[in-house]
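To start, the structure itself, in structure tokens.
Hydrogens, waters and symmetry mates play no part in the numbers below; they use all other heavy atoms, side chains included.
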Amino acid sequence: MKKIFGAAVVAAAFAMSTPAMAATEIVLGPTGSQVQFGDFTITGLGSATNQFADYYFTVPSSGIVSASGTATISLATNSSIKLTSIVLNGVTALATLRADGSAYDAAINNVATIANPQTLRVNYDVMNVGRATGTVSWTSSAVPEPGTWALMILGFGVVGYAMRRRTSVRFAQAI
């Protein structure tokens, strides 16, 4: 009995432990009754490729989330971060260089929320000292209440019953 209890405690500890790479929390602040926003910043030092930053945030209910990131290039000092992609809840958006060459942009819109926490990964390369910024937003979905569902199903039932009870109309042909 003690061995089973000890094994259960160890299993629970592993299940509740944090991952090896800790993610940074993005705190969403309300800007309306159904909309919340949050910001993130990446500062790159030196020169390295294939870097990433992990973020997480929580939402109060189901809905849709969006994320966008921008890495501005300073041509005068050759300081920049090359934003390569952002991944929001498993959906990837590749970054593109603006036509004027001033920044890399990536955006993902209208991704369904998952069980909290929501996850965001920003992939980038550091060309020199640089900075990237971005935003995350959440909008709640209008979910019908159970009473609304019941009335809709009842309405479909009444329409079906009325169609079934309707007698067919026959026209007599004149000869």
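Counting only heavy atoms from C-beta outward, the side chains of Thr92 and Ile86 never approach each other to under 4.5 Å. Trp138 is not listed as a side-chain neighbour of Val35, based on a closest heavy-atom distance of 4.5 Å or more. Under the 4.5 Å side-chain criterion, counting only non-hydrogen atoms from C-beta, Ile26 is not in contact with Asp39. Put simply, the side chain of Ile64 does not reach to within 4.5 Å of the side chain of Val111, judged on heavy atoms. Annotation: side chain of Thr84 is not in contact with side chain of Leu94 (no heavy-atom distance under 4.5 Å). Using a 4.5 Å heavy-atom threshold, the side chains of Phe40 and Val122 count as touching. Asp125 has its side chain within reach of Asn50: a pair of non-hydrogen atoms, C-beta onward, lies under 4.5 Å apart.
The minimum heavy-atom distance linking Ala93 with Ala106 is given by the pair O-CB, 4.2 Å.
With sequence neighbours excluded, no residue forms a ring pair (Phe, Tyr, Trp, His ring centres under 6.0 Å) with Phe57. Take Ser85 and apply the side-chain hydrogen bond (donor to acceptor under 3.5 Å, both in side chains) test, not counting sequence neighbours, and it matches Asn123. Taking Thr96 as the reference, nothing meets the side-chain hydrogen bond (donor to acceptor under 3.5 Å, both in side chains) condition, with sequence neighbours excluded. The salt bridge (Lys or Arg N to Asp or Glu O under 4.0 Å) test applied to Arg98 returns Asp105, not counting sequence neighbours. Remark: Ser68 pairs with Thr135 by the side-chain hydrogen bond (donor to acceptor under 3.5 Å, both in side chains) rule, at least two apart or across chains. Asn89 pairs by the side-chain hydrogen bond (donor to acceptor under 3.5 Å, both in side chains) definition with Gln118, not counting sequence neighbours.
Here Thr139 contributes atom OG1 and Gln36 contributes atom CD; the two are 9.5 Å apart, rounded to the nearest 0.5 Å. Separation of atoms CG (Leu83) and OG1 (Thr70) is listed at 7.5 Å; rounding is to 0.5 Å. Distance check: Arg131 CZ to Thr43 OG1 gives 5.5 Å after rounding to the nearest 0.5 Å. Atoms OG1 and OH, from Thr72 and Tyr104 in turn, are 12.0 Å apart once rounded to the nearest 0.5 Å. For the atom pair Ser102 OG and Leu97 CG, the distance stands at 7.5 Å (nearest 0.5 Å). Separation of atoms OG (Ser62) and CD1 (Ile114) is listed at 13.0 Å; rounding is to 0.5 Å.
A distance-only check finds a donor-acceptor pair linking the side chain of Thr113 to the backbone of Gly63 [under 3.5 Å].
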Yes or no on side chain to side chain contact (heavy atoms under 4.5 Å, CB included) for Ile42 and Tyr55, after CA distance, side-chain angles and deciding distance?
-> CA-CA 11 Å; Ile42 297 170; Tyr55 299 94; 3.3 Å; yes
What's the verdict on side chain to side chain contact (heavy atoms under 4.5 Å, CB included) for Asn116 and Val59, showing C-alpha distance, side-chain angles and the deciding distance?
-> CA-CA 7 Å; Asn116 281 323; Val59 293; 3.5 Å; yes
